[in-house]
Asker: 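To start, I am sharing the structure in question, which I have written as structure tokens.
Note on naming: letters A, B, ... go to the chains in the order of the sequence lines (proteins, then strands), and numbering restarts at 1 for each one.
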Amino acid sequence: MPYSQTNLVVLPVTSVDRKLFRWTDRPISDTPMHIPLFASIGDDRYLITDFDTTSSVCAGSPAKSYTDALSMSINEYGADTITMSEWVAIAGVARNTGADLSSLPMPRQVQNSLNIFTGVLSAASEWPQELTGYLDIKKIPWRTMHLLVFMTADQIAYIADFAVRTNPSAQTFKQFIETVRDFSAEITGAQYDEAEFKAITNRKSAAHTDIDSRLESVAAKIAPASVQNKDSFESPRVFFTFSITSYDDYALILKKLETAREDVAALYARLKEQGMI
Amino acid sequence: MIHVERAALGSILADHLEKENIAFSVADDISAIPDEKNEIILIKKRDLYAHPCPGTKIYRCCNYHTSDVMEGCPFDCSYCILQAYLGHKNILVSSDTDRIANDIRSMSAAGVRHRLGTGELSDSLALDNIFPFTKIIIPLINGQDTVQFEFKTKSANIKNLLNMNPHNIVVAWSLNPDAVASAEEHGAAPVQARIEAARICAEAGYRIAFHFDPLVWHDGWQSNYNALLENLFNSIPQQSVEYISVSTFRTTTDLMDRMRARSTPSALLKSDMITGLDGKLRYYKALRVELLKNITLQFDRYWPDVFVYYCMEHSSIWETLKGFDPGGREEFERLFPHNRRGCRG
């Protein structure tokens with residue numbers, strides 16, 4: 001039997017079906033109050049289907065307040081499984097009803113970081129849908145998303161453009177937005193410019209790139225043997241690695257190593273010049 | 001706002017507040033005090049003890065010992081590791097001055113020559129006008145021979161240091177060029193004020209030290225550091241200087257996140273960082289060498305008699321720039337003038 005009060009319409013449900021929580025299926029702008037909210041009193045469970053934002057939820061209703069109702073719903077749904085698009089919708093409900101964001105159940109990732117949770121939720125409604133869609137699919141961690149809070153609208157558009165165009169891994173995305181933040185004065189415009197961005201990262205890692213390219217040059221000549229420095233030359237060693245199954249293999253490796261003699265000499269001269277060894 | 005934990009009432013430091021009419025509130029439950037930087041709490045006791053600086057075996061550590069009489073700092077340097085290291089923003093001040101004194105006496109009685117300081121988890125002098133640790137510690141150090149005590153600061157708060165007839169006391173300032181200090185060292189004294197304070201302390205008989213840590217890679221770094229050094233060479237007599245510590249910016253991913261979350265992103269994040277052998281992030285080695293080499297050459301040229309050391313650097317960099325490896329903690333510590341003199345300094 002429906003439980004009804006002046007400002008609240010709820011339907012009793014006998015079992016919790018996750019399909020009830022289709023947060024994003026209903027555009028928030030069209031029907032802001034139609035996002036399902038779940039509440040319970042004792043063993044009875046209710047699906048709140050509609051309520052009037054002009055009045056507060058009355059005492060005696062399944063939920064004592066909108067914050068309460070929203071919290072019950074989130075808990076039932078599972079805060080850890082809610083996507084960013086869904087959180088945007090929830091934040092919209094909270095905004096429209098005056099529910100307190102800081103009192104809502106939080107994902108475990110940000111359990112002790114209220115500022116990250118509320119900061120991201122407050123900012124995310126301004127993010128373009130293609131960006132939140134990307135964040136959903138890649139399950140980008142909250143701490144990474146927190147960096148977006150400090151971005152200007154142009155920077156957000158720049159990042160969204162990058163995400164759409166390149167569909168980066170979560171790790172690449174994190175590095176990208178860190179660079180956008182670190183070089184915010186140099187990165188202008190709202191469209192991702194690959195050449196401009198590459199110029200910035202190249203400038204940042206010029207010394208590194210120089211040594212890495214010398215190692216690659218040696219590597220190309222000595223394959224199937226490999227050459228690497230495992231710790232960015234913190235310990236001043238270069239490792240040459242190869243395996244053999246016969247003397248012929250060994251002879252071949254020796255010959256290959258010999259072809260790289262000048263490159264190795266140049267590499268070490270450069271390392272010496274930079275004071276790295 | 002200053003708070004005194006009820007159990008800390010009657011302590012020397014609480015009495016000092018009353019005597020000097022410094023306003024404070026009494027707190028029954030310090031956990032109810034907001035966790036903000038401007039909330040300073042005098043607490044009864046904490047597990048403070050004089051202990052070795054937590055270095056690593058991988059990078060060369062000088063075996064400095066730290067006395068954690070305060071935890072937290074009124075300054076707000078963007079790069080400060082305390083933001084990530086401490087679990088709070090409050091400044092906690094220990095009222096257990098007996099324990100502090102006993103720690104110093106125990107170290108001294110052990111007969112091993114050590115350097116000890118209060119500048120690891122706080123600024124040693126920034127709050128000395130409110131909590132005058134210098135007036136407690138300097139007489140203790142003056143009465144023994146083995147422990148050399150360092151007050152490390154970015155302040156110019158030296159009033160309590162004058163007329164103390166110091167022995168084995170080093171007053172040290174962290175320095176960076178104005179361009180870095182004004183952008184990154186929020187709330188700290190202007191660089192010129194720090195140098196002037198150092199000059200006054202040198203005249204008052206203190207041994208003086210400077211920490212160029214962190215050296216920061218930035219546009220114009222070489223001319224900025226050289227101008228700072230020229231200023232220093234012209235302001236402070238070489239014979240007053242006990243040692244110079246130099247090292248480049250080091251950080252953690254947690255601290256990087258916090259730096260990026262500041263209203264203005266730090267210039268320190270624009271350089272090529274690698275994960276070091278201790279898991280911390282540091283500049284790519286070639287950049288570190290360039291920064292360290294420049295400053296080492298300046299000191300070799302203008303203050304050749306001063307002991308300059310690298311804090312937490314790899315032995316290969318020592319060998320490249322100094323021609324030797326300082327070795328493990330104890331071996332490294334023996335290089336300090338305090339140890340080489342072997343007598344009161």
Asker: At a heavy-atom separation under 4.5 Å, does B:Ser316 approach chain A through its side chain, its backbone, both, or neither?
Answerer: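 Interface part for B:Ser316: side chain.
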Asker: Heavy atoms only, distances under 4.5 angstrom: which of A:Gln274, A:Arg203, A:Lys204, A:Glu186 has the most pairs with chain B? Name it, please.
Answerer: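 Most heavy-atom pairs under 4.5 Å with chain B: A:Lys204.
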Asker: Heavy-atom cut-off 4.5 Å, strictly under: side chain, backbone, both or neither for B:Ser315 against chain A?
Answerer: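 B:Ser315 has no heavy atom closer than 4.5 Å to chain A.
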Asker: Could you pull out the closest heavy-atom pair between A:Val120 and A:Trp127, with the gap in Å?
Answerer: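 Reported closest heavy-atom pair: CG1-CH2, 3.9 Å.
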Asker: For A:Ile277, which atoms come within 4.5 Å of any heavy atom of chain B: side chain, backbone, both, or neither?
Answerer: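 For A:Ile277, backbone heavy atoms alone lie under 4.5 Å from chain B.
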Asker: Below 6.0 angstrom between ring centroids: does that apply to B:Phe307 and B:Tyr309?
Answerer: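 For B:Phe307 and B:Tyr309, the ring centres are under 6.0 Å apart.
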Asker: In terms of the angle between their ring planes, are B:Trp217 and B:Trp221 parallel, tilted or perpendicular, with boundaries placed at 30° and 60°?
Answerer: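 Tilted: the ring planes of B:Trp217 and B:Trp221 meet at 30° to 60°.
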Asker: Please determine, among B:Lys285, B:His314, B:Arg260, the option with the most heavy-atom pairs under 4.5 Å with chain A.
Answerer: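 Ranked by heavy-atom pairs under 4.5 Å with chain A, first place is B:Arg260.
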Asker: Can the ring centres of B:Phe210 and B:Tyr243 be said to be less than 6.0 Å apart?
Answerer: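 Between B:Tyr243 and B:Phe210, which both carry aromatic rings, the centre distance is not below 6.0 Å.
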Asker: Which one of A:Met276, A:Glu273, A:His208 has the most heavy-atom pairs closer than 4.5 Å to chain B?
Answerer: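 Greatest number of close heavy-atom pairs with chain B: A:His208.
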Asker: Of all of B:Leu287, B:Thr320, B:Leu321, which one pairs up most often with chain A through heavy atoms under 4.5 Å apart?
Answerer: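 The candidate making the most pairs under 4.5 Å is B:Thr320.
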Asker: Quick check for you: among B:Ala267, B:Ser271, B:Ala261, which has the greatest number of heavy-atom pairs under 4.5 Å with chain A?
Answerer: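 Of the options given, most contacts go to B:Ala261.
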Asker: Which bit of A:Ser205 comes within less than 4.5 Å of chain B, counting heavy atoms only: side chain, backbone, both or neither?
Answerer: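 Both the backbone and the side chain of A:Ser205 come within 4.5 Å of chain B.
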Asker: Using a strict threshold of under 4.0 Å (side-chain N to carboxylate O), is an ion pair present between B:Glu333 and B:Arg329?
Answerer: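 Answer for the salt bridge query: no.
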Asker: Would you check if the distance from the ring center of B:Tyr284 to the ring center of A:Phe233 is below 6.0 Å?
Answerer: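 No; A:Phe233 has its ring centre 6.0 Å or more from that of B:Tyr284.
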Asker: Is it true that B:Ser31 and B:Asp29 share a donor-acceptor pair across their side chains at a distance under 3.5 Å?
Answerer: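 Side chains of B:Asp29 and B:Ser31: pair found under 3.5 Å.
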Asker: Return the option, out of B:Arg282, B:Arg288, B:Lys293, with the maximum number of heavy-atom pairs under 4.5 Å with chain A.
Answerer: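 Answer, by heavy-atom pair count under 4.5 Å with chain A: B:Arg288.
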